[in-house]
Amino acid sequence: MPGTSGPEFDVLAFAEQSYADQPPGLRTNMVMSLDGAVSFRGRVGPLSSHTDRALFHALRALSDVVLVGAATARAERYGPVKLSDDLQELRSRVRPGAPATPPMAIVTASCELPERMLAASSAAGMPRPIVITSGRADTTAVRDHVDLIVAGADEVDLPAALAELRARGMHRILCEGGPTLIDRLTEDDLVDELCVTLTPQLTAEALPVAGPSNTATALPSPRRFALRHARAHDDELFLRYSRPR
């Protein structure tokens, strides 16, 4: 059935009514084309709409920390989280007592971060970025500008990294990708909720072909999630799935 369209769709009200009840855990958020692509020519922007971007920022306001892979942070030119006055009000209602802005946590093997992210460390009122890396990484260039979490010896130990975030009081974790990080979180059985915007576009970007693969998942079987809601608006479909209760 076609969804609503036009200015009567209040994204902030939708976010508060339909997403604010997230229990402690890890939530992922992504946009996906009709043919299964999560980016177009390496960027998410061409797939995202005004409504999707508004929901993207609202989900940030509801979180304790925003988790992202370094490749996505560089491709999308990530900077610190910035919330509008309306989003600040939403955050204060839903997360009373929480810091005014959630910090950004970047998973990286190389510790090469966008300049805008490093600049945030000296900006007044901005939380310092968190860098999640492994023991073999060279942290010399970033250690004075970020809060470091070293988890794992040769590669990032994601369960240990998330445990450290929770130990710091960050219980509602929003992961914005990219696909490699989400795959790793899924393999480690760390994903509690998925938020997906299905956009009415085709990309003609190649999909994987079924059959033997050198990059087959380590999962013994697909993970099944339960549909929490499906809301249509302007030919987009906003989906929320969570672990079965």
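Note that the structure is predicted; figures quoted are calculated from it, not measured. FYI, the numbering just counts along the sequence from 1.
No donor-acceptor distance shorter than 3.5 angstrom exists from the side chain of D64 to the backbone of I173, with no hydrogens or angles considered. Distance alone, capped at 3.5 Å, places no donor-acceptor pair between the S18 side chain and the A15 backbone. Panel note: side chain S63, backbone R60; a donor-acceptor pair is recorded below 3.5 Å. R184 places a side-chain N or O within donor-acceptor distance of the main-chain N or O of V156, the cut-off being under 3.5 Å. In this structure a side-chain-to-backbone donor-acceptor pair under 3.5 Å is present from S49 to D52. Remark: the backbone N or O of V191 is paired with a side-chain donor or acceptor of R243 at under 3.5 angstrom. With hydrogens and angles disregarded, a donor-acceptor distance shorter than 3.5 Å links the side chain of D10 to the backbone of L12. A donor-acceptor pair is defined here as one N or O able to donate and one able to accept, closer than 3.5 Å; such a pair exists between the side chain of T72 and the backbone of G178. At distances below 3.5 Å, not a single donor-acceptor pair connects side-chain atoms of R27 with backbone N or O atoms of S242. Between the side chain of E205 and the backbone N or O of R41, at least one donor-acceptor pair lies under 3.5 Å.
A salt bridge links R93 with E16: the closest approach of a Lys/Arg side-chain nitrogen to an acidic carboxylate oxygen falls below 4.0 angstrom. A salt bridge links R223 to D189: at least one charged side-chain nitrogen sits closer than 4.0 Å to a carboxylate oxygen.
Between the side chains of D138 and T140, at least one donor-acceptor pair of N or O atoms lies under 3.5 Å.
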Checking salt bridge (charged side-chain N to carboxylate O under 4.0 Å, His left out) for the pair R136/D154: CA distance, chi angles, key distance, verdict? CA-CA 6 Å; R136 70 173 183 172; D154 295 322; 5.4 Å; no
Test R240 against D21 for salt bridge (charged side-chain N to carboxylate O under 4.0 Å, His left out), laying out the working first. CA-CA 12 Å; R240 181 184 177 193; D21 62 342; 2.8 Å; yes
Given side chain to side chain donor-acceptor pair (under 3.5 Å), test S39 with R43 step by step and report yes or no. CA-CA 5 Å; S39 64; R43 296 290 307 278; over 6 Å; no
Check the pair D35 / S33 against side chain to side chain donor-acceptor pair (under 3.5 Å), numbers first and verdict last. CA-CA 5 Å; D35 49 355; S33 70; 2.5 Å; yes
Derivation of the side chain to side chain donor-acceptor pair (under 3.5 Å) call for Y19 and H229: CA-CA 10 Å; Y19 295 91; H229 71 240; 3.0 Å; yes
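Aromatic rings of H50 and F9 (six-membered ring for Trp) have centroids beyond the 6.0 Å cut-off, not under it.
R143 and R128 get closest at one heavy-atom pair: O-NH2, 4.1 Å. The shortest heavy-atom contact between V94 and A20 is CG1-CB, 3.7 Å. The heavy-atom pair separating L239 from L227 by the smallest distance is CD2-CD1, 4.3 Å. Residues T101 and P127 share a closest heavy-atom pair of O-CG, 3.8 Å. Contact between G42 and A75 at its shortest, heavy atoms only, is O-CB, 4.1 Å.
Cluster annotation: M104 is not connected to I130 through the hydrophobic network of ILVMFWY side chains, with a link wherever side-chain heavy atoms come within less than 4.5 Å. A continuous path of Ile, Leu, Val, Met, Phe, Trp and Tyr side chains, each step under 4.5 Å between heavy atoms, connects L162 with M170, placing both in one hydrophobic cluster. Under the 4.5 Å side-chain contact rule for hydrophobic residues, L67 and L194 share a cluster.
For the pair R231 and F14, the cation-pi test (distance below 6.0 Å, angle within 45°) is passed.
Contact of the L113 side chain with the V131 side chain is registered, since non-hydrogen atoms from C-beta on lie closer than 4.5 Å.
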